[in-house]
Protein chains: 2
Amino acid sequence: MCTTAEENYLKAIFKLSYEQKNGVTTSSLAEHLATKASSVTDMVQKLADKELVNYIKYQGVTLTPKGEKIAIQLIRKHRLWELFLFQNLGFKWDEIHEIAEELEHIKSDLLVERLDQFLNYPLKDPHGDPIPDQEGNFPKNNSIPLSRLNTGTKGIVVGVNDKSSSFLIYLVKIGIQLGTEIEILEWHEFDHSVDVRINALTLIHLSYQSAQNILMSEKST
Amino acid sequence: MCTTAEENYLKAIFKLSYEQKNGVTTSSLAEHLATKASSVTDMVQKLADKELVNYIKYQGVTLTPKGEKIAIQLIRKHRLWELFLFQNLGFKWDEIHEIAEELEHIKSDLLVERLDQFLNYPLKDPHGDPIPDQEGNFPKNNSIPLSRLNTGTKGIVVGVNDKSSSFLIYLVKIGIQLGTEIEILEWHEFDHSVDVRINALTLIHLSYQSAQNILMSEKST
DNA sequence: TAATATATTTAGACACATCTAAATATATAT
DNA sequence: ATATATATTTAGATGTGTCTAAATATATTA
């Protein structure tokens, strides 16, 4: 059984594994978890003792199958709770992450399965992220960032990469949510920004950074 | 803000206050929390520093208004989550307490209010216990223990005093749940046990201890 | 009331998770 | 390749919540 702190480390290692393919560094973990490198070293050694991570001094960590399983279950719980908060309790897009960070640590396998059933075995959370099943398999995610759509194409917003409140609040403010239709009007060479039409109506201008963080359905017209 | 351990102490003090009117003793708290008297002394001193309890050495503790408010909010959260688990996720009577013990520590006032709304502002939890409102007021509880019903009267089961799994499992086994109708047939002088009829059908025999722990609606016929 | 039993508190220790500061290893630049 | 900069680890300390053992206070009994 893991403590909340241990679980948070496993989740962080899982997430950073995608950005830094060959082993997650101590300093990147420290930054991600808003803690000090020395604390990370301590914890990582403890996780290695428990055989949840592979750790070689000065060379970073990777998850063992055992550690990865726990990390994926945490992501599953997090995303199921997020959906519950959004769909059933009427929370806003930018309010759900923080509460789900706490709820994901509740220890009951039965609870997760019942919640999954209650939500009707959803495939995606309110940010468009795939929800792994009981065995830890992720449903295929066929979305692409808006920044890779060509001029003239249309698509539906199915998720975001950046889940920070500030970005989500910005999106809501300019009228973009899950399900919003966006048409690419014109790319600007000099800063890769783009003009788009929202829901066949409003014209707005998006920075390249925004465009990279908005995920669109692949089957665009 | 309180830690989980501190919250559990406040809740325990609140509960024991009803049994021991003039101050909760160190040893009773230690027993209730399955810990040692010395640990209780430590924690109680810390809670006194935070002005959540009144504490006089060797004389026990009482809650301050501030401490009581937190305790009641915890009970509110616990009972709302129990109802959610029972009603919406299909958990059994005896499975909900343990999970709610974890859920009650999730820190979000908005979450509690949204859950309350989602459950349609319920007055009682699945054990028949009253759910305090946002201000901490308990709805009136007009139930009495089965042990105080007279021969010939009928009543509806509206709750239990003992919420242990073993008792709840026993009740389900003999056919008693929330809403069950029970008719008092005959009291036995020598051990205060009682013969009853369940749902106008099954005859069973209840010990005095069981009778004390089953709560009935007052308006019996 | 004095002697004994019980309850409570204090003192000192430990595991957890964190920190700062110092030591050591790896990476980079001249 | 050597010097310097950066990353990482170790050592030692802190706060939380717990424990055991010893000291002290309260309650009970003769």
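In what follows, chains carry the letters A, B, and so on, assigned in the order in which the sequence lines appear, proteins first and then strands, with residues in each chain numbered from 1. Bear in mind that the values here come from a model prediction, so they are computed numbers and not experimental data.
Among pairs with a residue in residues 18-61 of chain A, those fulfilling ring-ring contact (aromatic ring centres under 6.0 Å, His included) read A:Phe14-A:Tyr18, at least two apart in sequence or across chains.
One interatomic measurement links the two molecules: CE of A:Met43 to C1' of D:dT9, which rounds to 16 Å at whole-angstrom precision. Rounded to an integer number of Å, the gap from A:Leu29 CG to C:dT18 C1' is 15 Å. Between B:Asp42 atom CG and D:dT16 atom P there is a gap of 12 Å when expressed in whole angstrom units. The CD atom of A:Gln59 sits 13 Å away from the C1' atom of D:dA7 (whole-angstrom rounding). One atom, CD of A:Glu31, and another, P of D:dA7, lie 11 Å apart when rounded to the nearest Å. Put simply, CD1 on B:Ile56 is 14 Å from P on C:dT8, counting in whole angstrom units.
With sequence neighbours excluded, no residue forms a side-chain hydrogen bond (donor to acceptor under 3.5 Å, both in side chains) with B:Arg114. Listed by chain and residue number, B:Glu101, B:Glu104 satisfy the salt bridge (Lys or Arg N to Asp or Glu O under 4.0 Å) test with B:Lys11 (two or more places apart in sequence, or in another chain). The salt bridge (Lys or Arg N to Asp or Glu O under 4.0 Å) search around B:Glu51 returns none, not counting sequence neighbours.
Contact check, B:Thr25 against C:dA7: no side-chain N or O comes under 4.0 Å of OP1 or OP2. Taking 4.0 angstrom as the limit, A:Tyr58 places none of its side-chain polar atoms (N or O) nearer than this to OP1 or OP2 of D:dT10. In terms of phosphate contacts, A:Ser27 brings a side-chain nitrogen or oxygen within less than 4.0 Å of OP1 or OP2 of D:dT8. OP1 and OP2 of C:dT8 both lie 4.0 Å or more from every side-chain N or O belonging to B:Tyr55. For C:dT10, one of the phosphate oxygens OP1 or OP2 lies less than 4.0 angstrom from a side-chain nitrogen or oxygen of B:Gln45.
Salt-bridge formation is detected for the pair A:Asp129/A:Lys163: a Lys NZ or Arg NE/NH1/NH2 atom is positioned less than 4.0 Å from an Asp or Glu carboxylate oxygen. Using a 4.0 Å cut-off between charged nitrogen and carboxylate oxygen, B:Arg76 and B:Glu113 count as a salt-bridge pair.
In this pair, A:His205 and A:His188 present their aromatic rings tilted. The plane angle is within the 30 to 60° band. Note: B:His192 and B:Tyr208 have tilted aromatic rings, judged against thresholds of 30 and 60 degrees for the angle between ring planes.
Residues from residues 1-16 of chain A placing a heavy atom under 4.0 Å of any atom in DNA chain D do not occur.
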Could you go over nucleotides 20-22 of chain C and give all protein N or O partners under 3.5 Å, atom names and distances?
residue, atom, partner, partner atom, Å
C:dT20, OP2, A:Lys36, NZ, 3.1
C:dT20, O4, A:Ser38, OG, 3.0

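Nearest to the side-chain atoms of A:Lys57 among the listed nucleotides D:dT18, C:dC19, D:dT9 stands D:dT9.
Heavy atoms of B:Thr41 sit under 4.0 angstrom from at least one base atom.
The only member of A:Val40, A:Leu47, A:Thr41 that meets side chain to side chain contact (heavy atoms under 4.5 Å, CB included) when paired with A:Met43 is A:Leu47.
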